[in-house]
Amino acid sequence: MSEKFAKLGMRPANILLPKAGTDMTKWAVVACDQFTSQPEYWEEVDRIAGDAPSTLRLILPESKLNDANVEKHIADINRSMADYLSRDIFQTLKDSVIYIERTQSDGTVRPGLVAAVDLEKYDYTPGSGSLIRATEGTVLERIPPRVRVRKDAPIELPHVMLLIDDPKKICVEPITAAKESMEVLYDFELMMKGGRLKGWKLNEEQIDGLAAALERLSSDEAMQHKYGLGGVPPLLFAVGDGNHSLATAKTCYENLKKVTPEDQWADLPARYALVEIENLHDDALKFEAIHRVVFGVEPEKLIAAFMEFYPNAHEGQGVGHTIAYTYASGTGYLTVPNPRVQLPVGTLQNFLDAYLKEHGGEVDYIHGEAVTDELGAKPGNIGFKLPAMGKDQLFKTVIADGVLPRKTFSMGHAEDKRYYVEGRKIK
């Protein structure tokens, strides 16, 4: 196995998969941070999974994160993990990387790689020079509730997706070309309109080739060619999805370091986190806007406050940052000419942060315009729809300016988010 992985922040992992005979459609469920305002979605997932082995029993949908019974939910999850391990449901793929193809809701196929990343080389601090970086602002108060879920769990199931900026397609695509000669691990339909998922195991030669390709991608020459920046810390992996989950894994690892001798840190299973890696330049990878719905407010007063916050703002569409809104009394647009920030999401988020701090209310981050309109039109709510960000500027912006406003973009529709399939022991 190549030693190059030590400086790449990524490595093969001992990956857990359900043994043959498991109903994989019932096993795999969508990322826990999806459909948080649609409890009926998770009720239907529960009905489909039934009593079969399912990752639904091993994760906490974030719609339940602030539930009065959250501690019981967490205890049930840990018991289910221990039960699945004791019942020998899993097989272990030693020192493995998995190549996957996800057929999305629109029929396109999105390739990726499942491997572990080194949390020593990840930093979500804005302006960090780490090899693995957050792309959006991390809300620190969101981490402790998620730490409660992870800290005693014996298994992790990842929905984190990392991006590489590989315009020459030297990392993932050579593996795609060789898939017909590779060992197939699974191939099944995902529940709830999630499309289809197929996975193959990389051989040692392919793993070594991947390491060499990633080393070239993180070289100073590559940084100079792509960004016109030489002599700067390389950015190899940018978080595309699941930043708060990765930040939670980082926090749990840092807490363990405080009670573990330094010479043992490298052997801590919690030092690593399982992720999916995708090429930013793959045609199937789409950036979608993440919209906002504000709950428990008086929409007319909120709009008036927006006008006060931005004195040059006006109703209707125009030049500048234009944001559509929906509430019970109708729809419209707010435009801010000559905005102070680069993206409309920053213009809106800066206002919402200040308004909600002073006046109260709650905001949820919504995937899909129709759901935003539906929720925004309910009494006491208002929905805001935002334009999508071009993905070609992602790495350049993170390197030059630091993180984007939180929840700036989403990689695809909610149904196309990563489903939990693979796992890894973290204790």
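The number of heavy atoms from other shown groups lying within 6.0 Å of NE2 (His73) is above 12. By the neighbour-count criterion of 12 heavy atoms within 6.0 Å, atom NZ of Lys201 is densely surrounded, having more than that number from other residues, nucleotides or ligands. No more than 12 heavy atoms of other residues, nucleotides or ligands shown are found within 6.0 angstrom of CG on Asp51. With a 6.0 Å radius and a threshold of 12 heavy atoms from other residues, nucleotides or ligands, Glu189 has its CD atom above the threshold. Residue Lys169 places its NZ atom among more than 12 non-hydrogen atoms of other residues, nucleotides or ligands, all under 6.0 Å distant. Heavy-atom contacts from other residues, nucleotides or ligands closer than 6.0 Å to CD of Glu205 number 12 or fewer. Summarising the local packing, CG of Asn69 is surrounded by more than 12 heavy atoms from other residues, nucleotides or ligands at distances under 6.0 Å. Within a 6.0 Å sphere centred on NZ of Lys64, heavy atoms belonging to other residues, nucleotides or ligands number 12 at most.
Between the side chains of Tyr186 and Glu422, at least one donor N or O sits under 3.5 Å from an acceptor N or O. The closest side-chain donor-acceptor pair between Asn243 and Tyr122 falls under 3.5 angstrom. Using a 3.5 Å distance cut-off with no hydrogens or angles, the side chains of Asp373 and Thr326 do pair a donor with an acceptor. Judged purely by distance below 3.5 Å, without hydrogens or angles, the side chains of Gln224 and Asp220 never pair a donor atom with an acceptor atom. Remark: the Ser105 side chain and the His413 side chain contain no N/O donor-acceptor pair separated by less than 3.5 Å.
Between Leu202 and Ser96, every side-chain heavy-atom pair lies at or beyond the 4.5 Å cut-off. Taking the side chain as every heavy atom from C-beta outward, Ile426 and Arg150 approach each other to under 4.5 Å. Using a 4.5 Å cut-off on side-chain heavy atoms (C-beta onward), Leu119 and Ile132 make no contact. The closest side-chain heavy-atom distance from Ile175 to Met182 is below 4.5 Å. Side chains of Leu140 and Ile143 form a contact here, defined as non-hydrogen atoms less than 4.5 Å apart. Residues Phe90 and Leu17 form no side-chain contact, since every pair of their non-hydrogen atoms from C-beta on lies 4.5 Å or further apart. Looking at Leu190 and Arg102, their side chains come closer than 4.5 Å, going by heavy atoms from C-beta outward. The side-chain heavy atoms of Cys171 and Leu214, taken from C-beta on, include a pair separated by under 4.5 Å.
How far OG1 of Thr397 is from CE of Met389: 6.5 Å, rounded to the nearest 0.5 Å. With rounding to the nearest 0.5 angstrom, the OG atom of Ser54 is 10.5 Å from the CE atom of Met24. Atom-to-atom distance recorded for Leu131:CG and Asp118:CG is 9.5 Å, nearest 0.5 angstrom. Interatomic distance, CG of Leu197 versus CG of Leu185, reported as 10.5 Å (0.5 Å rounding). With rounding to the nearest 0.5 angstrom, the CZ atom of Arg292 is 10.0 Å from the OG1 atom of Thr372.
Ion pairing between a basic and an acidic side chain is recognised when a charged N comes within 4.0 Å of a carboxylate O; Asp241 and Lys417 show such pairing. Salt bridge annotation for Asp76-Lys72: present, with a cationic side-chain nitrogen under 4.0 angstrom from a carboxylate oxygen. A salt bridge links Arg148 with Glu71; the closest basic N to acidic carboxylate O contact falls under 4.0 Å. A salt bridge links Lys250 to Glu254: one of the charged nitrogens lies within less than 4.0 Å of a carboxylate oxygen. With salt bridges taken as basic N to acidic carboxylate O contacts below 4.0 Å, none links Glu136 and Lys407.
Screening His281, Lys391, Lys396 for a side-chain hydrogen bond (donor to acceptor under 3.5 Å, both in side chains) with Asp165, the sole residue that qualifies is His281. Shown are Leu236, Thr125, Ile399, Val239; of these, the side chain to side chain contact (heavy atoms under 4.5 Å, CB included) with Arg133 is made only by Ile399. With respect to Glu156, the salt bridge (charged side-chain N to carboxylate O under 4.0 Å, His left out) criterion is satisfied by exactly one of Arg424, Lys427, Lys151: Arg424.
Note on ring orientation: taking the six-membered ring where Trp is involved, the planes of Phe309 and Phe351 are perpendicular (angle over 60°, cut-offs 30° and 60°).
A donor-acceptor contact shorter than 3.5 Å links the side chain of Asn279 to the backbone of Asp166. A distance-only check finds a donor-acceptor pair linking the side chain of Thr248 to the backbone of His244 [under 3.5 Å]. Between the side chain of Asp46 and the main chain of Trp42, no donor-acceptor pair closer than 3.5 Å is present. Looking only at distances, a side-chain donor or acceptor of Gln206 sits under 3.5 Å from a matching main-chain atom of Asn203. Looking only at distances, no side-chain donor or acceptor of Asp416 sits under 3.5 Å from a matching main-chain atom of Gln104.
Closest non-hydrogen pair, Leu280 versus Leu163, comes out as CD1-CD1, 4.0 Å. Across all non-hydrogen atoms, the minimal contact from His159 to Ser245 is CE1-OG, 3.0 Å. Shortest non-hydrogen contact noted between Tyr419 and Glu415 is CE1-O, 3.7 Å. When every heavy atom of Val160 is checked against every heavy atom of Leu162, the shortest pair comes out as CG1-CD2, 3.9 Å. Between Thr322 and Gly318, the shortest heavy-atom contact is OG1-O, 3.3 Å. In terms of heavy atoms, Tyr99 sits closest to Pro111 at OH-CB, 3.5 Å.
Shown here are the salt bridge (Lys or Arg N to Asp or Glu O under 4.0 Å) partners of Arg110, two or more places apart in sequence or in another chain: Glu278. Residues passing the salt bridge (Lys or Arg N to Asp or Glu O under 4.0 Å) test with Glu101 are Lys179, sequence neighbours excluded.
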Between Phe287 and Leu394, does the side-chain contact (heavy atoms from CB on, under 4.5 Å) criterion hold? Intermediate values first, please.
CA-CA 10 Å; Phe287 275 14; Leu394 178 63; 3.9 Å; yes
Stepwise, does the side-chain contact (heavy atoms from CB on, under 4.5 Å) test hold for Ile323 with Tyr333?
CA-CA 6 Å; Ile323 302 163; Tyr333 295 89; over 6 Å; no
Taking it one step at a time, do His367 and Ile290 satisfy side-chain contact (heavy atoms from CB on, under 4.5 Å)?
CA-CA 5 Å; His367 303 272; Ile290 300 180; 3.9 Å; yes
Check the pair Lys19 / Asp88 against salt bridge (charged side-chain N to carboxylate O under 4.0 Å, His left out), numbers first and verdict last.
CA-CA 8 Å; Lys19 288 184 175 178; Asp88 203 27; 2.6 Å; yes
side-chain contact (heavy atoms from CB on, under 4.5 Å) between Asp364 and Leu375, worked out:
CA-CA 10 Å; Asp364 196 7; Leu375 294 172; 5.7 Å; no
Atom pairs and distances, donor-acceptor, side-chain atoms in residues 27-35, under 3.5 Å, two or more places apart:
from	atom 1	to	atom 2	distance (Å)
Trp27	NE1	Val421	O	3.1

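Cation-pi geometry between Arg11 and Tyr272 is met: the NZ or CZ atom falls under 6.0 Å from the ring centre, inside 45° of the normal.
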